[in-house]
Each structure stands twice: as C-alpha cells, then as structure tokens.
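This report concerns only the one structure given below.
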Amino acid sequence: MKQPLLMITGDISDTRYMTDDFFKKATGTDDKKVVYIEATNHIETYWKPEFVGQEVSEVINFLNKKL
C-alpha cells in the first residue's frame, strides 16, 4: 500500500538536510510533498504561532485532498 507523505521543516533549520535526505529516499509513494516554512528554524516551528498556523494549514490542505 502506498502511503502519502507530508514533511514540513523550517527553511533555515539546521536539521533541514535530514528532511531533504529522507524525502529523496522515500520511494514508497509518488504522493509526497515537502513544505519549507520560510524564515524559521526547527525549534520555532513548534511554538511560534505564525509558523504553527502555516503548518496546520498545510496539514489540513494535504489531508483534505486525500478525502
């Protein structure tokens, strides 16, 4: 079964390279998307409302396309 994949990371995150590497290696599906939250690092994506809001919107949009 092919599962959809959504990955979200900060565009200036010090861990972005891991997201990019994992995304490239995720070959179990063609239904995949990576989102870069502009001007944020890894930790800020957890608590800054403007970044969390963007992430929530991306997740909702991604899941709504699956219904």
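Just so you know, residue 1 is the first one in the sequence shown, and it goes up from there. From a predicted model like this one, the values you see are computed outputs, not experimental measurements.
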Exercise for the section: Return yes when atom CZ of Phe23 has more than 12 non-hydrogen atoms of other residues, nucleotides or ligands closer than 6.0 Å, and no otherwise. Expected result: yes
Problem - Asp11 side chain vs Tyr36 backbone, donor-acceptor pair below 3.5 Å - result: no
Completion exercise
Here the pair of heavy atoms bringing Lys32 nearest to Thr29 is CD-O, 4.0 Å
Practice task
Please check if Met18 and Phe22 belong to a single hydrophobic cluster, counting links between Ile, Leu, Val, Met, Phe, Trp and Tyr side chain heavy atoms closer than 4.5 Å.
Solution key: no
Exercise for the section: Without swapping roles, check the side chain of Ser13 against the backbone of Thr9 for a donor-acceptor pair under 3.5 Å. Expected result: no
Exercise for the section: Can you establish whether the number of heavy atoms outside Glu50 located under 6.0 Å from its atom CD is more than 12? Expected result: yes
Practice task
Mind checking the CZ-CG spacing from Arg16 to Asn41? Nearest 0.5 Å is all I need.
Solution key: 13.0 Å
Handout entry: Side-chain touch Leu5/Asp31, heavy atoms, less than 4.5 angstrom
Key = no
Exercise for the section: Compare all side-chain heavy atoms of Glu58 with those of Ile8 and state whether any distance is below 4.5 angstrom. Expected result: yes
Practice task
Give a yes/no verdict on a cation-pi contact between Lys33 and Phe62, requiring under 6.0 Å between NZ or CZ and the six-membered ring centre and an angle within 45° of the axis.
Solution key: no
Practice task
Give the cluster check for Val35 versus Val59: same hydrophobic cluster or not, with ILVMFWY residues linked at side-chain heavy-atom distances below 4.5 Å.
Solution key: yes
Practice task
Applying side-chain contact (heavy atoms from CB on, under 4.5 Å), run through Val34 and Thr19 and close with a yes or a no.
Solution key: CA-CA 8 Å; Val34 65; Thr19 301; 3.9 Å; yes
Handout entry: Side-chain donor/acceptor of Thr40 to backbone N/O of Ile37, under 3.5 Å
Key = no
Exercise for the section: Could you go through the salt bridge (charged side-chain N to carboxylate O under 4.0 Å, His left out) check for Asp21 and Lys25 one step at a time? Expected result: CA-CA 6 Å; Asp21 188 50; Lys25 291 178 180 177; 3.1 Å; yes
Practice task
Let me see the working for Thr45 and Glu55 under side-chain contact (heavy atoms from CB on, under 4.5 Å), right down to the final yes or no.
Solution key: CA-CA 8 Å; Thr45 63; Glu55 294 168 317; 3.0 Å; yes
